[in-house]
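Lettering follows sequence order; numbering is per chain, from 1. Computed from a predicted model, the values in this text were never measured in an experiment.
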Amino acid sequence: MALYKEQTLKVYNSLSGEKEVFEPVHEGHVGMYVCGPTVYSNVHLGNCRTFISFDLIFRYLRHLGYKVRYVRNITDAGHLEDDADHGEDKIAKKARLEKIEPMEVVQRYTIDFHNILQKFNLLPPSIEPTATGHIVEQIELIKEILLKGFAYETNGSVYFDVVKFNEDHTYGKLSGRKLEDMIANTRELSSQDEKRNPQDFALWKKAEPQHIMRWPSPWGEGFPGWHLECTVMSTKYLGETFDIHGGGMDLKFPHHECEIAQAEACYEHAPVRYWLHANMLTLNGKKMAKSTGNNLLPGEIFSGNNPILSKAYTPSVVRFFMMQAHYTSILDLSDEALLAAEKGYLRLMDALDQLPTLPTGKSSEFDVKAWRQRCYEAMNDDFNSPILVAQLFEAVKAINLVRDGKQTVTAGDKQVLAESFEAFVYDVLGLEKGRRDGVDTRKLEGTVELLIEMRNQARANKDYAASDRIRDALAGLGIQLKDGKDGTTFTY
RNA sequence: GGCAUCGUGGCCGAGUGGCUAGGCGCAGCUCUGCAAAAGCUUGUACAGCGGUUCGAAUCCGCUCGAUGCCUCCA
């Protein structure tokens, strides 16, 4: 029997503002769409947090036995810059500045994106569609919205008529905004606007002569607007009503609000059952953003090459750091917090190593089945990974006690413990053991084993000067020796 | 200015009406040649002020502070 039949998953739905029991449209199947990156520069750590959060969600859904179709788009058509840039889009601008083709920009940063996410051990989505690959569908959708009367054309551009839509729909329900308030608070923009109302948004923009990314359309040459691609691609691959739509908190308004409006304008019903929003990663208490320069690149954290860091951290440590916070909470990054996370992570992984060699006994003092259910309850409660991590540390404690002969566990319980522990650490949290780029671990481990042997010989001869020299020299290299009852082990 | 969210012990971070989350650090003890590691033990915190309640970190109000969105942003 599939696990999802035994476990009751609740998710926090941004639309209702409440935790709701998760019930997919089609039993056993889940359709999930997550807004992906705009590939105009290197993916930064804040971006990564969102995708890591949804990777956790994807992994847990799969672990529960759901067949998940996970769609995460690549925005390669760019979004418009602000008015000062005369509607130039980010990718086009980057291409112009670097004197290359827009698609070279897209290619370069798509590869970077994939590389980094792979380091963080993210599972690839089922489908990763691109905006430029769905221009035809976007044009068709615009035609449909025009036909329904919720859009109008001006000078080769097409805009969504928010005021008209709001007459018999509710614009702003996701972000808790009221159109009247928005109109009342509109800032006076000096631009000679083609829009009927400032709240209207572009479905199609006419391309100026210098604009390099352009496609033919019934309204002349142009390019699609901000919010259209997600509506088109989510509906195409997941249907008019699908289960989960995710993305960063900063996309809630206006992006997701506009998606709802577009879909409701076309299909006359809500497109999404559960809206999930991942919160921001902050640096120095401020949101990480490319535009403000307050950001940290994954590469910098892996190399330690950034003034705020005292050392390098592996992707898995960073991932563990993120798993210690709930995905809907703002998480502040600091060197101190990473250092603490690293220690905890190593302790967790050490316990995992102990598992196979754990002695078994006639009885168990640790209630493994109750523990396992607490782990599920943590994840069932809106993917509460911090609680799961706390539970894992409870198991760490038990494992260490058994290892030291202070507690016992039966063979059956040990097996359940090992299976569940590994499943939660590897499959659900997506952590992995110290994969180190560019290091031949077999050579290193063999060398350290030899040094341990020499040190133990020195200790047997009470030549502590020699033994301590080996220990301290290795410590200086970041290799820590651990003397236990059954010999010496090491971590690095 | 408008709309939200949040303020938890040295740090990070769960909890959301009564039942000490957890991690890191600190201190003590056990172990050890000495350490480290590991184990055990110890920490009664919830921005401030009022209110509701038998009882509030948890609900309500106000104040202060922080952040996000309102313009592209994960």
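- Atom OG1 of Thr50(A) is separated from atom CG of Asp55(A) by 12.5 Å, given to the nearest 0.5 angstrom.
- If you check every strand for non-hydrogen atoms under 4.0 Å, Gly46(A) touches a base.
- Of all nucleotides present, only U67(B) satisfies the Watson-Crick or G-U wobble test against A4(B), with each distance under 3.5 Å.
- In this entry C24(B) has G10(B) as its Watson-Crick or G-U wobble partner, both defining distances falling under 3.5 Å.
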Taking N or O atoms only and anything under 3.5 Å, show me the protein contacts with nucleotides 12-16 of chain B, one pair per line.
from	atom 1	to	atom 2	distance (Å)
G13(B)	OP1	Asp332(A)	N	3.3
G13(B)	O2'	Gln324(A)	O	3.4
A14(B)	OP1	His326(A)	N	2.7
A14(B)	OP1	Ser329(A)	OG	3.0
A14(B)	O3'	Asn384(A)	ND2	3.4
G15(B)	OP1	Asn384(A)	ND2	3.3

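- Ranking C73(B), C70(B), C24(B) by closeness to the Arg177(A) side chain, first place goes to C70(B).
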Tabulate atom names and distances for all N/O pairs under 3.5 angstrom spanning the protein and nucleotides 57-61 of chain B.
none

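- Here the shortest heavy-atom pairing between Asn294(A) and Lys287(A) reads OD1-O, 3.2 Å.
- Remark: Lys178(A) NZ is loosely packed, at most 12 non-hydrogen atoms of other residues, nucleotides or ligands lying under 6.0 Å away.
- The base of G68(B) does not come close enough to the side chain of Asn279(A) for any donor and acceptor atom to sit less than 3.5 Å apart.
- Atom-to-atom, CH2 of Trp226(A) to C1' of A74(B) comes out at 19 Å; the value is rounded to the nearest Å.
- In this structure a side-chain-to-backbone donor-acceptor pair under 3.5 Å is missing from Glu342(A) to Leu338(A).
- Within the shown strands, nothing qualifies as a pairing partner of C19(B) under the Watson-Crick or G-U definition with both distances less than 3.5 Å.
- Taking the six-membered ring for Trp, Phe424(A) and Tyr376(A) have ring centres closer than 6.0 Å.
- With G22(B), C34(B), G39(B) as the choices, the nucleotide that has an atom nearest any side-chain atom of Ala390(A) turns out to be G22(B).
- Remark: A38(B) base-pairs with U30(B). Criterion, Watson-Crick or G-U wobble with two distances under 3.5 Å.
- When heavy atoms are screened at a 4.0 angstrom cut-off, Leu392(A) is found touching no nucleic acid atom at all.
- Under 4.0 angstrom from either OP1 or OP2 of A4(B) there lies no side-chain N or O belonging to Ser175(A).
- Between Trp371(A) and Phe366(A), the ring planes lie tilted relative to each other; the angle falls in the 30° to 60° range.
- Among the atoms of the strands shown, only primed sugar atoms or phosphate atoms (P, OP1, OP2) are found under 4.0 Å from some heavy atom of Glu394(A).
- Nearest nucleotide to the side chain of Asp404(A), out of C34(B), C11(B), G39(B): G39(B).
- Under 4.0 angstrom from either OP1 or OP2 of C69(B) there lies at least one side-chain N or O belonging to Lys287(A).
- At least one side-chain nitrogen or oxygen of Lys343(A) sits closer than 4.0 Å to the OP1 or OP2 atom of G25(B).
- For the residue pair Asn279(A) and Thr328(A), no side-chain donor N or O sits within less than 3.5 Å of a side-chain acceptor on the partner.
- Regarding contacts with the backbone of U67(B), a side-chain N or O of Lys286(A) is found under 4.0 angstrom from either OP1 or OP2.
- Taking atom P in both A47(B) and C11(B), the straight-line distance is 14 Å, to the nearest Å.
- Across all strands, His44(A) comes closer than 4.0 Å to base atoms (heavy-atom distances).
- Using cut-offs of 30° and 60° for the angle between ring planes, the Phe393(A) and Phe320(A) rings count as perpendicular.
- For the ring-ring contact (aromatic ring centres under 6.0 Å, His included) criterion with Phe120(A), the lone passing option out of Tyr313(A), Phe51(A), Phe302(A) is Phe302(A).
- The residue Gly36(A) sits close only to the backbone: its heavy atoms come under 4.0 Å of sugar-phosphate atoms, none of a base.
- Among the nucleotides C24(B), A38(B), C34(B), the one closest to the side chain of Arg459(A) is C34(B).
- Note on Lys178(A): nothing from the nucleic acid sits closer than 4.0 angstrom, heavy atoms only.
- In this entry the distance linking CZ of Phe253(A) with P of C73(B) reads 12 Å, nearest Å.
- For G39(B), one of the phosphate oxygens OP1 or OP2 lies less than 4.0 angstrom from a side-chain nitrogen or oxygen of Asn400(A).
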Evaluate the ring pair (Phe, Tyr, Trp, His ring centres under 6.0 Å) criterion for residues His227(A) and His256(A): first the C-alpha distance (whole Å), next the side-chain angles of each, then the deciding distance (0.1 Å), finally the verdict. CA-CA 8 Å; His227(A) 316 295; His256(A) 292 156; 9.3 Å; no

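- Side-chain contact between Gln138(A) and Glu229(A): present, with at least one pair of heavy atoms (C-beta onward) separated by less than 4.5 Å.
- Pairing for G55(B) is absent, judged as Watson-Crick or G-U wobble with the two contacts each under 3.5 Å.
- Taking only side-chain nitrogens and oxygens, Arg347(A) comes nearer than 4.0 Å to OP1 or OP2 of G39(B).
- Here the side chain of Phe393(A) is nearest to one of G22(B), A36(B), C73(B), namely G22(B).
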